[in-house]
Structure formats: structure tokens, C-alpha cells
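Structure first, then comments.
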There are 2 protein chains.
Amino acid sequence: MALEHAILVSLDERSGSGYELAQRFEKSIGFFWAATHQQIYRTLKRMVDLGWVSCHEVAQDGRPDKKVYEVTEAGHGELARWLASPGEPETIRHDLSVKVRGASLGDPEALMDEIARHRALHAERLDVYLAIEKKDFPAPSALSGRRLHQYLVLRGGIRGEQALIEWCDEVLAAMREDDRR
Amino acid sequence: MALEHAILVSLDERSGSGYELAQRFEKSIGFFWAATHQQIYRTLKRMVDLGWVSCHEVAQDGRPDKKVYEVTEAGHGELARWLASPGEPETIRHDLSVKVRGASLGDPEALMDEIARHRALHAERLDVYLAIEKKDFPAPSALSGRRLHQYLVLRGGIRGEQALIEWCDEVLAAMREDDRR
DNA sequence: GGGTGCAGTGCAACTAGTTGCATAGGTTCC
DNA sequence: GGAACCTATGCAACTAGTTGCACTGCACCC
């Protein structure tokens, strides 16, 4: 399971509270590993029990207290172990493909709308990624270490969204063509 | 949830037993919706309760009896309803991206091996898909209806694997370059 | 002064998927 | 004759993720 490890990676980049982590999982790290605040709080608790992170409360004025977590020695060990250990590719579960496969059993117009909607969502995500690429990584060939790794992951997001958009376009074109006949 | 709907699509293509379905989920439909035989048996039972499929036992000689399922009127209704209803894109959880993002916290050589291994797995899958494309869909522009939809889903698999392979190559090249410096 | 929204943490109940095991007769290979 | 594998169905226990809700208190807007 990788939520623990995603949290370790994120906390290593910068220590923070569950709330702050939840925000990071809304963007950056969340672009390739989804998690809600519920999961994060629950997992952080488990990670404290495992000794992978330590926790200290921080009083704040004008806002509620918070618990700041940071990666321990044991946490770094676990992270290194996990990084070197082989993993399987994610299992694929792609809703929209099931719908396309079953297209002839429903209303083709409605399905094409649905595909167009997904295309738009992916185009939106792609725009976000491209904006980050342009703003944060204007000179990619000069990158190294951590920054390079962040950039490479972003590249994966860009490639993935592009592939999905192109697929949606192919499906829409073929279905329209088939419709006309 | 789409397992029910994937089963409906598959049973509509051809009625069959839980065992036969499980085999289909090892290939064809399983390429874009993963499911184990456990899940399938459990879900089929629920679907009988919901009235989406009907079930009759078939005695066989030389092998155990089997239960053959087929889609009911209600099942077709549910499928049509689901096909027309909007769904969210799958939530992304990509292990390997987490590992790349955390690359500087572990052994870079081991991680590069891991990426190369994934690249090989995706290349293998791509070969399978391309072989199916060549064998089953030699003249795609002539396709229509059900066969066209099957082809389009396969195209999605091909595009996805290609994108992943290219990404792995980009990551490997960049990390090797970074290593040299 | 009242509503909305943010910062912050968390429980409880649920759904979905995974893993390991059980059973049982038949075939195939050595 | 025994081991391994195929067809066929299923239970039980577990892990992971989702959804809905609860509580506090400050800030900001109208």
C-alpha cells in the first residue's frame, strides 16, 4: 500500500499537519495519489504507532492547535526499503471503457456527450499541468535531484492526460462516422 | 460501481457461468476492468437478488455442474440507465510516480531497475494488444456497432500502454543523465 | 448580528476489493 | 499410482477507500 509511502515522501519534502497534508493531496502529490483528509488522519495515526513519523502539538493563536508530523529514522528506513522493492502496475478499472464497450446497448448520443464531457475534464487537467510545467519548470534540462523527479512525475501526468484526450477524440470521431452510416 | 455493469456488458455479449466470466476478466474485458473470481461470484449473487440477471443450473458430464447467467429485462434497463448517467474519471493512484517523486530518498539504481521492469511489463501488454489489433481488427475503417466499440476500447489500451512506455523511457533517460553529472 | 467559509481533528458506518482457504470430480503427465 | 492441473463454486477474514457527520473557534462580508 502506498498511501503511507506517499505521506512519507510528502512529509520528507516538508513536515506538516494532517490538514496541510490533505491540502497537498488536493494538488501536487494528489495528482497521482488520491486521498481524502479522513484517510490521511487515520493513516497518520497508524504511522505514529509504527514509529514512522513523530508528532508534536503546536499551539497557534487565532486558529486551532495543530499536530505537526515529521518523518523519523525508522520512517526513512521504511521509505528506502519500499523504494527498492518491486511493485505491480496498478490494476486497471476504467469506467468509460466499459461504457464504450457496451455502447450499442444504450443511447449513443448520451454516451457521446459523456465522452465529450470526460474529454473536457481531461483537457482542463492537462491545462493545469501545462501551466505548472511552464511556471515551475521553465528550463527542464537544467534540473537535477528532487526537482527533476518532481518534473518527471508531472510529465507523466501530462502524457497520461494527452493520451486520454486523443483517445476520446478517436472514439468520438469513429462513433460519429458510424452514426452517419 | 462498475463491476456489475461490466458483467452486464459481458453477459450481454454472451451468457455464461461465473467461471467463464472470470476467464473473460483475465483477458478482453479484464484489460480495462480487473476482477477476481471471488468478486465475480459474489457480485453475480447480488445481481440475481436485484433481478438484473437470471440463473439456471446446467448439468455437464465429465465436469462439475455450472450455473449459467443471462441478462434480464431489468438488467438491460439498468445498463441503459448507467450508460446514460454521468460518471467521474477514475481516481488516480500511481505507485511508480510516488516512487519517482521520492527517488532521492532511496537507491537510484534500484529505482531505475524497477522502472525498467515496469517498462518491460507495459511493453509486453502492448504487444498483446497490438497482436489482437492485427488479428481481430485488420480493417478498422470497415468496423461498425459492437465490433467498432470493442476496437475502440482496445485502442485505448494501446494508447495507454504507449504513453506509459514513453514516460518510462523519458524518466530513465533523465535519471541516467542526472546520474552522470 | 447572522451567514459563510476556513483551519483543524476526528468517529462511525459503509462499500469495494484482496487473500487465503475449502471442496470435489475429472484429466493428463511421468 | 501419484502429482499437478482444470473446471466449478464458494466462505471468511481482512485491507483500503468512501461518505456523512460532529465539534471548535476565528475571520470576513453584508
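Chain naming here is simple, since letters A, B, ... match the order of the sequence lines and numbering starts at 1 in each.
- Put simply, the side chain of B:Arg42 and the base of C:dT15 share no donor and acceptor less than 3.5 Å apart.
- Protein atom CG of B:Asp65 is 21 Å distant from nucleotide atom P of D:dC6, rounded to whole Å.
- With 3.5 Å as the limit, one finds a donor-acceptor pair spanning the side chains of B:Arg147 and B:Gln150.
- Side-chain N/O atoms of B:Arg93 and base N/O atoms of D:dT18 include no donor-acceptor pair closer than 3.5 Å.
- With DNA chain D read from its 5' end, the first of the two nearest nucleotides for B:Tyr69 and B:Thr91 is the one closest to B:Tyr69.
- If you check every strand for non-hydrogen atoms under 4.0 Å, B:Gln23 touches sugar and phosphate atoms only.
- OP1 and OP2 of C:dT18 both lie 4.0 Å or more from every side-chain N or O belonging to B:Gln38.
- When rounded to the nearest whole Å, the span between CD of A:Gln39 and P of D:dT15 equals 15 Å.
- A:Lys67 has no carboxylate O lying under 4.0 Å from a charged side-chain N of A:Glu57, or vice versa, which leaves the two without a salt bridge.
- Atoms CZ and CZ, from B:Phe31 and B:Arg125 in turn, are 9.0 Å apart once rounded to the nearest 0.5 Å.
- Nearest nucleotide to the B:Tyr41 side chain, out of D:dT18, D:dG10, C:dA7: D:dG10.
- In this structure, the CD1 atom of B:Ile40 is 11 Å from the P atom of C:dG17, given to the nearest Å.
- When the nearest nucleotides of DNA chain C are assigned to A:Val68 and B:Pro64 by heavy-atom distance, the more 5′-ward of the two goes with A:Val68.
- The CD atom of B:Glu88 sits 14 Å away from the C1' atom of D:dT18 (whole-angstrom rounding).
- The side chain of A:Gln60 contributes no N or O atom lying less than 4.0 Å from OP1 or OP2 of C:dA7.
- Heavy-atom distances to DNA chain D give each of A:Arg63 and A:Arg46 a nearest nucleotide, and the one nearer the 5′ end belongs to A:Arg46.
- In this structure, B:Tyr19 does not reach the D:dT9 phosphate: none of its side-chain N or O atoms is under 4.0 Å from OP1 or OP2.
- We find that CG of B:Leu21 is positioned 9 Å from P of D:dT9, with the value rounded to whole Å.
- The nearest whole Å value for the distance from the NZ atom in A:Lys45 to the P atom in C:dG8 is 19 Å.
- Below 30°, between 30° and 60°, or above 60°: for B:Tyr41 and B:His37 the angle between ring planes is above 60°, a perpendicular geometry.
- Contact between the side-chain N/O atoms of A:Lys66 and the OP1/OP2 oxygens of C:dG10 is not found at any separation under 4.0 Å.
- Looking at B:Glu78 and B:His5, their side chains do bring a donor and an acceptor atom within 3.5 Å of each other.
- For B:Lys67 and D:dG10, the shortest distance from a side-chain N or O to OP1 or OP2 is below 4.0 Å.
- Side-chain nitrogen and oxygen atoms of A:Thr36 include none within less than 4.0 Å of the OP1 or OP2 phosphate oxygen of D:dG17.
- Under 3.5 Å, the side chain of B:His37 and the base of D:dG10 form at least one donor-acceptor pair of N or O atoms.
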